[in-house]
Amino acid sequence: MENRMPVFCGIDWAENHHDVALVDDTGHLLAKRRITDDTAGYRLLLDLFAEHGDTAAEPIPVAIETGRGLLVAVLNTGTRPVYAINPLAAARYRDRHSVSRKKSDPGDALVLANILRTDLHAHRRMPADSDLARAVAVLARAQQDAVWARQQLVNQVRSLLREYYPAALDAFLGKQFGLARPEARTVLATAPTPARAARLTPAQLRAALKRAGRTRGIDAEADRLRTVLRGDYAHQPQAVEDAMGHQLLALIRQLDAACLAAEELATAVEEHFRRHPDAQILLSFPGLGVQLAARVLAEIGDDRSRFADARGLKAYAGSAPITRASGKKRFVGRRFIKNDRLINAGFLWAFSALRASPGADAHYRRRRERGDWHAQAQRNLFNRMIGQLYHCLQNGQLFDEQHAFTSPSADLAVAA
């Protein structure tokens with residue numbers, strides 16, 4: 001039976017439609033089509049593949065500028081190789097075909113198809129993560145976004161309180177979680193202005209604390225709040241203060257919703273993460289709790305072939321340094337192109353590991369003694385530990401403190 005001529009597909013995606021181009025191994029355009037972003041369009045795309053020799057054994061590879069969405073989910077069904085091409089890289093390839101800077105959606109689809117034809121070996125196909133790993137990724141990223149949104153609202157509330165309600169800041173900012181605490185939100189919703197706060201009775205304060213879920217030390221906390229809220233502070237004119245009170249109530253309602261979303265998503269993250277086979281390995285590492293471990297899993301996935309070695313994972317995480325050399329100049333510094341969510345989790349992981357692991361703490365202190373800044377030492381520690389995580393995941397082993405940090409000389413050999 002004669003072998004099928006290699007065919008490559010490029011898809012320029014949009015909100016309502018997608019442009020498709022198919023080329024052979026000589027660059028000849030075999031077909032181009034515009035499909036709709038619905039089931040009918042997806043069927044038309046699969047029929048177009050079948051017309052040009054697509055089979056389960058030899059699926060046509062596809063290049064597209066996104067790794068998300070229903071179209072990508074349809075393409076990922078089975079063993080079809082799908083390549084998510086960075087839009088910046090695609091733009092550079094466009095210049096290889098034309099210097100006039102012309103651009104069109106069908107033309108971009110053709111460029112993407114030719115990227116696979118000429119440089120397929122230089123691009124990495126989308127990882128074949130399990131459905132559970134992808135579900136953890138969705139929830140972990142959503143929970144992180146909810147935490148960030150919650151902090152943005154806390155900052156807005158704090159900024160507003162500084163303008164007219166400093167007593168509230170003195171009352172709650174010294175506490176853990178500060179203005180995001182349930183009792184802080186409940187008291188501020190009960191008394192959104194200093195004038196109303198000064199009129200709160202001990203009974204009203206106790207009732208507010210109980211509504212917030214507090215069960216211990218209610219009387220002492222109510223007395224403390226009453227003393228602070230009745231303190232001597234400067235005031236805005238009454239009309240301005242009342243207007244700011246309405247603004248505060250609106251922000252508190254948004255903050256309540258953000259806190260609830262973060263809590264519910266955290267529960268969903270834990271339920272899904274603990275069911276994953278890699279959960280036990282991740283949680284064996286010092287400094288990784290359920291939420292942080294889930295964020296790490298969300299970004300690295302569970303496709304063991306995704307990274308050729310630990311160096312690939314370190315580069316993806318942004319923890320490994322990068323060298324820029326030209327002529328007599330040589331510079332070694334941090335990476336700017338990286339997975340931002342993973343490096344964010346990595347800094348939190350490294351910071352938490354300092355207390356949980358004597359070896360991690362010693363490694364960090366040695367880096368500091370060598371002249372590293374705090375962030376540099378943390379990045380170096382993360383680089384060390386994510387390499388250990390790669391080894392443990394590949395071999396199905398739990399973290400072992402004695403094997404992880406045994407040689408100070410080896411620690412110092414790790415690049416900054």
Derivation and outcome, side chain to side chain donor-acceptor pair (under 3.5 Å), residues Asn114 and Arg117: CA-CA 5 Å; Asn114 278 303; Arg117 180 180 67 85; 2.7 Å; yes

Full working for salt bridge (charged side-chain N to carboxylate O under 4.0 Å, His left out) between Arg185 and Asp256: CA-CA 7 Å; Arg185 291 182 276 123; Asp256 284 340; 2.7 Å; yes

Asp145/Arg141 ion pair, N-O < 4.0 Å: no

Phe307-Tyr316 aromatic ring centre distance below 6.0 Å: yes

Lys/Arg-Asp/Glu bridge criterion (N-O < 4.0 Å) met for Asp219, Arg206: yes

Presence of salt bridge, Arg274 and Glu270, under 4.0 angstrom: yes

Salt-bridge criterion met for Lys338 and Asp340 (N-O under 4.0 Å): yes

Worked check of salt bridge (charged side-chain N to carboxylate O under 4.0 Å, His left out) between Arg379 and Asp372: CA-CA 10 Å; Arg379 188 184 302 110; Asp372 283 0; over 6 Å; no

Cationic N near anionic O, under 4.0 Å, Asp12 to Lys32: no

Pair Arg224 + Glu221: basic N to acidic O under 4.0 Å: yes

Audit row: Asp223, Arg226, salt bridge (charged side-chain N to carboxylate O under 4.0 Å, His left out) steps and yes/no: CA-CA 5 Å; Asp223 292 339; Arg226 190 162 184 265; over 6 Å; no

From Ile35 atom CD1 to Leu45 atom CG, the distance as rounded to the nearest 0.5 Å: 4.5 Å

Trace of the side chain to side chain donor-acceptor pair (under 3.5 Å) decision for Arg199 with Gln204: CA-CA 10 Å; Arg199 293 196 297 269; Gln204 290 173 322; over 6 Å; no

Heavy-atom closest contact (Ala360 atom, Glu401 atom, distance): N-OE2, 4.3 Å

